[in-house]
Protein chains: 2
Amino acid sequence: MKRNSRLSLALHTLSHMAGDPDRVRTSADIAVHAGTNPVVVRRVLGKLREAGLLSSEKGHAGGWRLAKPARSITLADVYLALDERLVSGNDTDLEPSHCSVETGLQMRVAEVLEEIEESLVKRLRETSITDVHPKSCSYCDS
Amino acid sequence: MKRNSRLSLALHTLSHMAGDPDRVRTSADIAVHAGTNPVVVRRVLGKLREAGLLSSEKGHAGGWRLAKPARSITLADVYLALDERLVSGNDTDLEPSHCSVETGLQMRVAEVLEEIEESLVKRLRETSITDVHPKSCSYCDS
DNA sequence: TCACACGTAACAATAGCAGTTGCATTTATC
DNA sequence: GATAAATGCAACTGCTATTGTTACGTGTGA
């Protein structure tokens, strides 16, 4: 896997779950299907649980399932749950320039990028994870 | 500097230039103002030149300037010039899964992310670099 | 000829992330 | 109670992308 793998993995998994919401899946199962590692799966899905999108149960016959109706989960929920800030970086530490004008410009640039970030989230809010699920999905039967 | 520094640096520089389009700036000047290195500046600005946004001149009294009216340069131009693909990764090598259904789902996820990517570019196209320039900018006089 | 600036290659340093291992904890089942 | 199975979490290892830096070649005006 490469870049944006977290978001990709999350959507992949949630899309599966949307197809068969009652089924409980283990991180091992998911890892096999996603072609990755159980620990990586738990790391990503843990974020989604913190955000209230998924629930997990320990112990025998434990695993993961949706914590709310698939229809109500948008891509924005997933995006925000993963703390992804693709456009505006997490630049909290913009070092103060010697020139006050530079500082003003830096803040303005950050401001614009923040606006774009918000636009992105707004767009993500328009798509549900059920929209990601393919029309013909025989996995739901397997 | 941190993440997204290329986009940030590019907007920073272009915003400056928009304020005083006739002035020729050296990569050294820009580097000082942006708090980075001349070579880094040339790397980023080189991309913008390839895209026809900037022009550069070698030799004595050489440097960088806008290649077209600031008003006509949008954030999308900058974004695309830098080959940034923030949402949909450059995943050209999605390894074929053992399961055809998985492959279908992976493609569907990539498809959705591509749609989001296009929405982002569309949004970026609505903002010009002149919109990034601060209202009160004394730099234009310096 | 000289100073200056871009163009580019090569390298080091850093940061983020996937992958992996190991172990503690929780829980259903025997 | 013992056992198997699952999450939770910490620590560690590579891998990759990016920035920063140095060095040198090339072009250009004074």
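Convention: sequence-line order gives letters A, B, ...; per-chain numbering from 1. Hydrogens, waters and symmetry mates are skipped; everything else that's a heavy atom, side chains included, is used. Fair warning: this is a prediction, and the values are worked out from it, not measured in the lab.
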Counting just side-chain N and O atoms, does A:N37 come under 4.0 Å of either OP1 or OP2 of C:dT20? yes
Expressed as a whole number of angstroms, how long is the span from B:D29:CG to C:dC4:P? 13 Å
Atom NZ of A:K58 to atom C1' of D:dC9: distance rounded to whole Å? 9 Å
Calculate the interatomic distance between A:L7 atom CG and C:dC17 atom P; express it in whole Å. 13 Å
I'd like to know whether NZ of A:K68 has more than 12 heavy-atom contacts from other residues, nucleotides or ligands below 6.0 angstrom. yes
B:H60 NE2 to D:dT26 C1', straight-line distance once rounded to whole Å: 16 Å
Separation of D:dT7 atom P from A:K47 atom NZ, nearest Å, is 19 Å
Any chain of hydrophobic side-chain contacts (each under 4.5 Å) joining B:V40 to B:L82? yes
Between the side chains of B:T130 and B:R71, is a donor N or O closer than 3.5 angstrom to an acceptor N or O? yes
Here the distance between atom C1' of D:dT7 and atom CG of A:L54, to the nearest Å, is 13 Å
Between P of D:dA17 and CG of B:L82, the distance in whole Å: 17 Å
For the base of C:dG7, is there a side-chain donor-acceptor partner from B:R49 under 3.5 Å away? no
Just checking A:G59: base, sugar-phosphate only, or nothing, at a heavy-atom cut-off of under 4.0 Å? base
A:W64, nearest nucleotide to its side chain (from D:dT18, D:dT7, C:dG7): D:dT7
D:dC24 C1' sits how many Å from B:R42 CZ, rounded? 12 Å
Heavy atoms from C-beta onward define the side chain here; which of C:dA9, D:dA6, C:dT20 lies closest to that of A:T26? D:dA6
Does a side-chain N-to-carboxylate-O contact under 4.0 Å join A:R23 and A:D29? no
Counting only side-chain heavy atoms from C-beta out, which of D:dT18, D:dT28, C:dA10 sits nearest to B:R43? C:dA10
What closest approach, in Å, do A:A70 and A:I129 show between heavy atoms, and which atom pair accounts for it? O-CG1, 3.4 Å
Map A:A61 and A:V40 onto DNA chain C by nearest heavy atom, then report which one ends up closer to the 5' terminus. A:V40
C:dA5 phosphate, OP1 or OP2, under 4.0 Å from B:S56 side-chain N/O: no
Counting just side-chain N and O atoms, does B:S27 come under 4.0 Å of either OP1 or OP2 of C:dC6? yes
